[in-house]
Amino acid sequence: MPIPEDVTGDEIDKDVRQELQSLPKTLAEDVARNLVMVARLIDEDPEGAYAYSKVALRLASRVAAVREAGGFAAYANQKYGEALAEFRAARRMTGNIDLWPLMADCERGLGRPEKALDMAGAPEVHKLDRAGQVEMRLVAAGARRDMGQLDAAIVTLQSPELASSSVQPWTARLRYAYADALLAAGRESEARDWFAKAVESDKDGSTDASDRLAEMDGVEFVDALDETADDEGKTEAGLGEDDGAGPTSESSTEDVEDTADDEDDEDDEDDEDDEDDEDGTERRADDRA
């Protein structure tokens with residue numbers, strides 16, 4: 001896999017760099033550069049990120065950071081079985097519990113929501129930090145919805161973090177999930193309120209809460225640069241291409257009426273011509289069009 005020359009490998013986190021010190025220097029540099037590419041591409045080009053992660057895994061599969069990166073890349077490509085295997089391997093190497101919610105979500109992706117719920121109730125969850133516990137709550141609610149338990153999903157999301165007025169990194173996603181669950185349960189008024197709250201807290205656009213809110217309010221967005229829509233608007237309003245307003249003076253009104261009379265006379269003459277030449281009717285009609 002080609003790597004841009006500006007990627008040196010020094011861009012990786014300090015902790016990852018320390019893990020790579022167990023490798024020969026040249027190999028460590030190659031692995032680091034591939035990991036940088038995974039991080040760069042995982043959002044905009046998941047398939048590309050996955051390809052670089054496979055290179056890194058081939059070079060250094062015994063490095064926990066490499067297994068973790070492989071898990072994230074596989075997860076981004078919805079390869080949940082592969083992602084779960086990589087996350088498990090990374091956890092065995094480090095004992096780190098941070099990947100627990102992602103592992104549970106992989107179980108959901110594999111069609112095993114019951115297993116995800118079991119993981120949500122496991123002792124490991126109590127070892128997660130607050131962000132991890134919120135993430136686990138989101139996964140558990142998703143599993144409930146997978147099983148058709150909409151009311152249980154709503155209750156699962158009801159928490160001090162949801163009720164808090166302070167904005168945290170997880171706030172927008174938590175409010176969005178709650179609004180979406182309410183909407184699925186037919187509680188549209190409540191759902192609208194929570195989509196609005198999600199919009200307030202979503203400063204970086206991590207959700208499409210604003211679009212969902214607009215959809216509920218019946219708001220349609222028109223591209224201001226769409227010339228076709230603009231032309232259609234002019235046609236519906238009766239505006240010409242050159243002027244944006246109709247006649248406003250008496251003389252203008254009279255001119256319009258005279259023009260209309262002239263056109264009527266021309267139509268009468270055309271009707272007479274049509275009677276004389278039935279074979280040319282369609283041709284003349286096409287010419288006038």
Side-chain angles (χ1 to χ4, degrees), residues 12-16 18-19 39 42-43 64-65 67-69 71-73 75-76 80 83-84 86-109 112-147 149-184 190-191 193-210 212:
I12 61 175
D13 294 338
K14 180 180 179 181
D15 292 341
V16 177
Q18 288 179 344
E19 285 191 57
I42 197 164
D43 291 328
R67 302 302 291 266
E68 185 173 325
F72 277 109
Y75 181 85
Y80 298 116
L84 183 58
E86 297 300 341
F87 288 147
R88 283 174 173 169
R91 180 170 175 260
R92 284 195 302 269
M93 293 176 179
T94 65
N96 194 332
I97 201 63
D98 292 347
L99 297 173
W100 194 255
L102 278 168
M103 293 166 62
D105 205 37
C106 286
E107 296 287 0
R108 282 188 61 212
R112 301 193 291 250
E114 299 88 351
K115 179 62 177 177
L117 286 177
D118 289 343
M119 294 180 68
E124 284 84 352
V125 175
H126 300 294
K127 301 177 183 178
L128 295 169
D129 59 15
R130 195 176 181 189
Q133 291 183 0
V134 171
E135 194 66 33
M136 193 71 249
R137 190 177 293 275
L138 288 168
V139 173
R144 291 291 186 187
R145 291 189 62 175
D146 293 343
M147 299 168 66
Q149 301 174 1
L150 295 178
D151 290 338
I154 291 171
V155 172
T156 298
L157 293 169
Q158 293 171 346
S159 61
E161 291 83 9
L162 180 67
S164 176
S165 59
S166 64
V167 176
Q168 302 294 334
W170 59 77
T171 302
R173 293 179 59 240
L174 183 59
R175 291 177 177 179
Y176 181 94
Y178 189 60
D180 195 44
L182 289 168
L183 186 60
E190 295 174 80
D193 292 341
W194 280 99
F195 274 127
K197 291 178 180 179
V199 171
E200 292 175 0
S201 57
D202 193 2
K203 305 303 181 183
D204 57 357
S206 61
T207 72
D208 64 345
S210 59
R212 298 291 298 277

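Count residues from 1 along the sequence.
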Is it true that [X] and [Y] have a side-chain N and a carboxylate O under 4.0 angstrom from each other?
X: D98; Y: R91; value: no
X: R88; Y: E107; value: yes
X: D202; Y: R173; value: no
X: K115; Y: D118; value: no

Nearest-0.5 Å distance that lies between atom [atom1] in [X] and atom [atom2] in [Y]:
X: R112; Y: D146; atom1: CZ; atom2: CG; result: 13.0 Å
X: L99; Y: L84; atom1: CG; atom2: CG; result: 10.5 Å
X: T171; Y: K197; atom1: OG1; atom2: NZ; result: 12.5 Å
X: H126; Y: I97; atom1: NE2; atom2: CD1; result: 11.5 Å

Taking side chain as C-beta onward, heavy atoms only, is [X] less than 4.5 Å from [Y]?
X: F87; Y: F72; value: yes
X: L183; Y: W194; value: no
X: Y176; Y: D208; value: yes

Which heavy atom of [X] sits nearest to which heavy atom of [Y], and what is that distance?
X: A177; Y: L138; value: CB-CD2, 3.5 Å
X: S206; Y: A172; value: OG-CB, 4.2 Å
X: A65; Y: E19; value: N-OE1, 3.1 Å
X: P101; Y: E135; value: CB-CG, 3.8 Å

Within the distance-only criterion (no hydrogens, no angle test), does the side chain of [X] pair as donor or acceptor with the backbone N or O of [Y] below 3.5 angstrom?
X: D13; Y: V16; answer: no
X: W100; Y: M119; answer: yes
X: E86; Y: E68; answer: no

Practice task
Dump the intermediate steps for side chain to side chain contact (heavy atoms under 4.5 Å, CB included) on R145 and D180, then the final yes or no.
Solution key: CA-CA 11 Å; R145 291 189 62 175; D180 195 44; 2.9 Å; yes
Identify all side-chain donor-acceptor contacts of residues 160-170 below 3.5 Å with residues at least two apart in sequence or on another chain.
{"residue": "E161", "atom": "OE1", "partner": "S159", "partner atom": "OG", "Å": "3.2"}
{"residue": "S164", "atom": "OG", "partner": "S166", "partner atom": "N", "Å": "3.2"}
{"residue": "S164", "atom": "OG", "partner": "S166", "partner atom": "OG", "Å": "2.8"}

With a 3.5 Å cut-off and sequence neighbours excluded, list the donor-acceptor pairs that the side chains of residues 149-158 form with protein atoms.
{"residue": "Q149", "atom": "OE1", "partner": "R144", "partner atom": "NH1", "Å": "2.6"}
{"residue": "T156", "atom": "OG1", "partner": "A152", "partner atom": "O", "Å": "2.7"}
{"residue": "Q158", "atom": "NE2", "partner": "Y178", "partner atom": "OH", "Å": "3.0"}

Practice task
State whether a side-chain donor-acceptor pair under 3.5 Å links R108 with Y80.
Solution key: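 Result is no, nothing qualifies.
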